[in-house]
Amino acid sequence: MNEQSEKIKNMFDSIAHRYDLLNRLLSFRRDVYWRKKAIEFLNIHDGAKILDLACGTGDMLIELQRRTKKSILMGGDFSFNMLQIAQKKVDNVFLSVADAHRLPFKDESFDYVTIAFGFRNVTDKDVGLKEMFRVLKEGGKVCILEFSQPEKKFFSYIYRFYFTKILPFIGGLISGNRKAYEYLPDSVYKFPKKDKYKEMILNAGFKRVEFNSLTFGICDATICYK
């Protein structure tokens with residue numbers, strides 16, 4: 001794990017105890033809706049083997065359990081503190097410490113891979129995409145659910161003010177780590193633009209990319225087809 005990844009991991013370890021509360025509060029519970037929509041876009045078949053990467057405290061795994069039948073679920077995250085909380089929340093799911101740059105899984109192990117609000121934290125995104133491609137079966141799909149930037153100017157202005165001023169204040173007050181919630185908007189605004197993002201996904205080996213904008217462009221569920 002490189003130095004930047006280690007810093008990000010330590011940051012998430014430090015806010016794990018308040019992570020769920022702040023997700024609900026700061027997104028006005030839209031994070032729950034976004035996860036549900038992401039799973040719908042995947043159209044998961046019965047009995048699928050699914051990896052939820054950057055699984056955090058297990059919210060995506062819980063939705064996957066609710067919305068899939070007879071699936072085999074596995075969660076991976078580089079934050080041990082996050083995984084400890086996930087362990088208390090989910091049943092019948094194997095959890096593993098996993099760095100997205102070097103996944104501890106065999107080639108073509110999964111029918112689907114999901115990563116919700118974690119891809120922006122992968123410091124070498126090209127390597128992360130290639131690793132997801134490697135562990136995905138032929139014909140499988142990856143869903144990258146991630147914050148985006150609204151395109152409409154007026155809403156974009158409101159969004160930026162909330163994201164860069166209000167969110168860090170509230171997040172810092174409740175979690176005790178303001179820097180973690182200053183990092184969030186910074187990581188979103190540094191995220192590759194869609195043209196570059198699509199190019200990166202295709203260069204990793206995926207055949208097709210489908211963008212699904214959610215809630216006025218605040219969030220995007222990107223489906224990558226192998």
Side-chain angles (χ1 to χ4, degrees), residues 1-13 15 19 23 31 34-35 38 41-42 50-56 59-60 74-79 82-83 96-110 112-137 140-151 163-164 179-214 217-226:
M1 188 180 297
N2 61 40
E3 185 178 348
Q4 182 63 18
S5 293
E6 186 70 32
K7 286 181 180 178
I8 296 170
K9 180 188 80 68
N10 292 338
M11 179 187 72
F12 278 100
D13 278 338
I15 63 173
Y19 189 73
N23 272 356
D31 64 306
W34 294 331
R35 289 186 185 91
F41 289 131
L42 279 174
I50 308 167
L51 169 65
D52 182 37
L53 188 57
C55 68
D59 283 347
M60 190 65 163
M74 186 171 292
D77 200 289
F78 66 175
S79 169
M82 290 282 194
L83 288 174
S96 171
V97 175
D99 180 355
H101 301 92
R102 187 180 294 180
L103 294 176
F105 309 113
K106 294 180 180 179
D107 295 358
E108 300 191 0
S109 295
F110 302 97
Y112 303 91
V113 176
T114 60
I115 178 167
F117 310 112
F119 188 58
R120 69 181 184 282
N121 303 317
V122 179
T123 55
D124 191 330
K125 292 176 177 55
D126 291 315
V127 171
L129 286 166
K130 288 175 183 175
E131 277 293 275
M132 286 188 277
F133 182 86
R134 179 183 66 80
V135 302
L136 190 67
K137 294 178 182 179
K141 288 181 270 187
V142 170
C143 178
I144 304 173
L145 181 64
E146 193 54 86
F147 288 111
S148 186
Q149 298 179 40
E151 294 180 0
F163 218 37
T164 60
K179 286 186 177 179
Y181 287 88
E182 290 174 337
Y183 163 80
L184 171 59
D186 185 58
S187 65
V188 172
Y189 284 109
K190 288 181 178 177
F191 197 79
K193 301 296 184 185
K194 278 190 178 176
D195 287 347
K196 176 63 177 175
Y197 186 23
K198 182 177 180 178
E199 182 184 344
M200 291 167 63
I201 294 169
L202 295 175
N203 285 343
F206 291 95
K207 296 174 182 175
R208 185 161 63 92
V209 185
E210 179 183 282
F211 295 108
N212 298 282
S213 183
L214 299 168
I218 289 177
C219 188
D220 191 273
T222 303
I223 310 298
C224 315
Y225 295 81
K226 182 170 180 178

If you measure from SG on C224 to CE on M200, what distance do you get to the nearest 0.5 Å? 10.5 Å
Would you call D126 and K130 a salt bridge, taking side-chain N to carboxylate O under 4.0 Å as the test? no
Do I218 and F147 have side-chain heavy atoms sitting under 4.5 Å apart? yes
So CZ of F105 and CE of M74: to nearest 0.5 Å the spacing works out to 5.5 Å
Are F41 and L214 close enough that some pair of their side-chain heavy atoms sits under 4.5 Å apart? yes
Ionic contact status for E131 with R134, cut-off 4.0 Å: yes
Without swapping roles, check the side chain of K226 against the backbone of K137 for a donor-acceptor pair under 3.5 Å. no
Report yes or no: do D220 and T222 form a side-chain donor-acceptor pair below 3.5 Å? yes
Looking only at non-hydrogen atoms, find the nearest pair between P104 and S96 and report the distance. CG-OG, 4.0 Å
Checking V142 against F133 for the side chain to side chain contact (heavy atoms under 4.5 Å, CB included) test, could you report, in this order, the C-alpha distance in whole Å, the side-chain angles of both residues, the deciding distance, and whether it holds? CA-CA 8 Å; V142 170; F133 182 86; over 6 Å; no
Can you tell me how the ring of F12 sits relative to the ring of F78, calling it parallel under 30°, perpendicular over 60° and tilted otherwise? tilted
Between V188 and S148, what is the shortest heavy-atom contact and its length? CG1-O, 3.9 Å
Backbone N or O of E199 within a donor-acceptor pair of the N203 side chain at under 3.5 Å? yes
Counting C-beta onward and ignoring hydrogens, is there a side-chain heavy-atom pair between L145 and T114 closer than 4.5 Å? no
Is the shortest side-chain heavy-atom distance between R120 and K190 below 4.5 Å? no
Looking at K125 and V122, would you say the former's side chain and the latter's main chain have a donor-acceptor pair under 3.5 Å? yes
Between F191 and Y197, how do the two ring planes meet: parallel, tilted or perpendicular, split at 30° and 60°? perpendicular
Looking only at atom types and distance, does a side-chain atom of H101 sit under 3.5 Å from a main-chain N or O of D124, one as donor and one as acceptor? yes
Answer yes or no: are there more than 12 heavy-atom neighbours, outside D195 itself, under 6.0 Å from its atom CG? no
I want to check something: taking the side chain as every heavy atom from C-beta on, are L103 and L53 in contact at a cut-off of under 4.5 Å? yes
Using atom types as modelled and distance alone, determine if a side-chain donor or acceptor of D77 lies under 3.5 Å from a backbone N or O of C55. yes
Within the side chain of Q4, is there an N or O that forms a donor-acceptor pair under 3.5 Å with the backbone of T123? no
F117 vs C219, side chain to side chain contact (heavy atoms under 4.5 Å, CB included): CA-CA, chis, key distance, verdict: CA-CA 9 Å; F117 310 112; C219 188; 3.8 Å; yes
